[in-house]
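We count residues from 1, following the sequence as given.
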Amino acid sequence: MASLPATGNGLIVSFGEMLIDFVPTTSGVSLAEAHGFLKAPGGAPANVAIAVTRLGGKAAFVGKLGDDEFGHMLAGILKENNVNADGITFDQGARTALAFVTLRADGEREFMFYRNPSADMLLKPEDLNLELIRSAKVFHYGSISLIVEPCRSAHLKAIEVAKEAGSLLSYDPNLRLPLWPSPEEARQQMLSIWDKADIIKVSDVELEFLTGKVDDASALSLWHPNLKLLLVTLGEQGSKYYTKNFHGSVDAFHVNTVDTTGAGDSFVGALLSKIVDDQSILEDEPRLREVLKFANASGAITTTKKGAIPALPTESDVLNLIKGA
């Protein structure tokens, strides 16, 4: 049996939005019915960066926050979690983004966003810390930064700079339909940067949104010649992987799910932390399966507590779950 690789020392740079999720104090109610809300830091790219450092890896975050109490609080949370914050800029004229997120009784989420515009949307190409981006072994990003200018241009420039510097590009489209002008626009923009990525992770919901179905054929219809690894996460059904030479699935770990927020980000952070120093794992099925098992376990643990960042596990948490399963 292949053994689990060590967590790498190479830098993983995560690009995009960081915001505050307000989560109802009682589960299973709509936003209108909620009596109170808990403040939970979030934003998928930031969650990934913290997931990496919690597991013992090295990460940095690149993005823009409001020059307000919430923005400085978020920057502080990154630093407390050992994430390099040299890529953060603060906008004096715009607020840090907020999202109200409720968990329905079935554990699925409903979102309402406050960004009109929020600071993350105002990141300009000239705000980018190019030196930090060039030092990334892995450069990870989503699609929310593609919604409006100037953030979209900053995103495209960051991808280009990372690629030129030889970074492995990791893309999790992270569909948030309420933020897009229309589903068509979301689909078109999400696919506009598809061919640049080396690793792409989609959820079953995103796969269905992009292709109309959730099966091997629809996943393979998203394959592009430069892709090294395509992942489809299936919640409690585990995950599927596709490479040029092989594909398969890895079972999920069964846990007591409280909140699915951040599970996909935890999965991505775990995967990236294990391949950052050794990309040959992507071509070695037994080793890749060990890493994906680790990533599945990491994602599973994140669903056992409310909020994404407080629920992100350490390496020993993950290994204990794997041992006990």
Side-chain angles (χ1 to χ4, degrees), residues 13-22 41-49 60-68 70-72 74-75 78 85 87-101 109-130 132-133 139-163 169-197 200-203 205-206 209-210 261 264-265 308:
V13 174
S14 219
F15 171 93
E17 70 286 349
M18 187 174 194
L19 57 137
I20 295 180
D21 288 333
F22 284 87
N47 294 342
V48 169
F61 176 74
V62 174
K64 195 172 226 186
L65 298 167
D67 192 3
D68 51 33
F70 285 156
H72 290 285
L74 292 175
L78 288 170
I88 293 178
T89 52
F90 293 93
D91 196 289
Q92 256 128 34
R95 296 267 185 228
T96 300
L98 308 178
F100 286 80
V101 186
R109 294 167 297 166
E110 176 182 282
F111 290 92
M112 191 158 81
F113 292 93
Y114 283 71
R115 20 186 293 146
N116 185 29
S118 53
D120 58 290
M121 298 158 75
L122 301 175
L123 181 73
K124 299 190 290 287
E126 55 271 27
D127 293 330
L128 295 171
N129 181 335
L130 298 180
L132 182 65
I133 292 169
F139 184 69
H140 175 75
Y141 48 90
S143 71
I144 288 174
S145 338
L146 296 172
I147 299 173
V148 289
E149 289 293 1
C151 189
R152 182 164 200 277
S153 293
H155 187 148
L156 297 176
K157 165 117 192 219
I159 289 178
E160 189 188 318
V161 167
K163 199 163 186 76
L169 300 188
S170 159
Y171 179 31
D172 175 358
N174 221 336
L175 177 66
R176 296 283 177 265
L177 261 184
L179 292 178
W180 290 91
S182 69
E184 296 69 41
E185 172 80 359
R187 204 173 284 113
Q188 188 190 333
Q189 293 292 357
M190 280 163 76
L191 293 171
S192 71
I193 58 169
W194 203 259
D195 292 354
K196 293 179 165 44
I200 297 176
K201 174 248 161 201
V202 289
S203 67
V205 174
E206 288 153 357
F209 173 74
L210 292 169
T261 309
D265 304 325

How many angstroms lie between [atom1] in [X] and [atom2] in [Y], if you round to the nearest 0.5 Å?
| X | Y | atom1 | atom2 | value |
| --- | --- | --- | --- | --- |
| Glu17 | Tyr141 | CD | OH | 14.0 Å |
| Phe15 | Leu169 | CZ | CG | 12.5 Å |
| Leu156 | Ile193 | CG | CD1 | 7.0 Å |
| Thr96 | Asp68 | OG1 | CG | 3.5 Å |
| Glu206 | Leu177 | CD | CG | 10.0 Å |
| Leu122 | Leu65 | CG | CG | 12.0 Å |

Between [Y] and [X], is there a side-chain heavy-atom distance shorter than 4.5 Å?
| X | Y | answer |
| --- | --- | --- |
| Met18 | Asn47 | no |
| Phe139 | Ser170 | no |
| Leu130 | Lys157 | yes |
| Leu123 | Leu128 | yes |
| Trp180 | Gln189 | yes |
| Glu110 | Phe100 | no |

ask   = When you look at Leu78 and Ile88, which way does the side chain to side chain contact (heavy atoms under 4.5 Å, CB included) test go after all the steps?
value = CA-CA 10 Å; Leu78 288 170; Ile88 293 178; 3.4 Å; yes

Quick one: list whatever passes side chain to side chain donor-acceptor pair (under 3.5 Å) with [X], sequence neighbours left out.
| X | result |
| --- | --- |
| Asp21 | none |
| Arg95 | none |
| Asp91 | Lys64 |

Quick check: closest heavy atoms across [X] and [Y], and the distance to 0.1 Å?
| X | Y | result |
| --- | --- | --- |
| Asp120 | Cys151 | O-SG, 3.3 Å |
| Ser14 | Pro45 | OG-O, 2.7 Å |
| Phe209 | Ala186 | CZ-CB, 3.9 Å |
| Ala97 | Leu19 | O-CB, 3.2 Å |
| Ala49 | Ala60 | CB-O, 4.2 Å |
| Ala119 | Gly66 | CB-N, 3.2 Å |

request  = For His140 and Tyr171, run ring-ring contact (aromatic ring centres under 6.0 Å, His included): C-alpha distance rounded to whole Å, both residues' side-chain angles, the deciding distance at 0.1 Å, then the answer.
outcome  = CA-CA 6 Å; His140 175 75; Tyr171 179 31; 8.5 Å; no

Using a 3.5 Å cut-off and no angle test, enumerate the donor-acceptor pairs between side-chain atoms of residues 142-149 and protein atoms at least two apart in sequence or in another chain.
residue : atom : partner : partner atom : Å
Ser143  : OG   : Pro173  : O            : 2.5
Ser145  : OG   : His155  : ND1          : 3.4
Glu149  : OE1  : Ser153  : N            : 3.1
Glu149  : OE1  : Ser153  : OG           : 2.8
Glu149  : OE2  : Ser153  : OG           : 3.0

ask   = Heavy-atom count around Asn116 CG within 6.0 Å, excluding the residue itself: above 12?
value =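 Check fails, neighbour count at 12 or below.
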
ask   = Is the OH atom of Tyr114 crowded by more than 12 outside heavy atoms at less than 6.0 Å?
value = no

inquiry  = Quick check on side-chain contact (heavy atoms from CB on, under 4.5 Å): which of Asp67, Asp127, Asn129 does Thr89 satisfy it with?
reply    = Asp127

Pairing residues for Asp172 by the salt bridge (Lys or Arg N to Asp or Glu O under 4.0 Å) criterion, not counting sequence neighbours =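 Per chain and number, Asp172 pairs via salt bridge (Lys or Arg N to Asp or Glu O under 4.0 Å) with Lys201.
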
key: Arg176: partners by salt bridge (Lys or Arg N to Asp or Glu O under 4.0 Å), with sequence neighbours left out   =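 Residues passing salt bridge (Lys or Arg N to Asp or Glu O under 4.0 Å) with Arg176: none at all.
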
key: Stepwise side chain to side chain contact (heavy atoms under 4.5 Å, CB included) test for Asn174 and Asp265   = CA-CA 9 Å; Asn174 221 336; Asp265 304 325; 4.0 Å; yes

key: Trace of the side chain to side chain contact (heavy atoms under 4.5 Å, CB included) decision for Ser192 with Arg152   = CA-CA 11 Å; Ser192 71; Arg152 182 164 200 277; 3.4 Å; yes

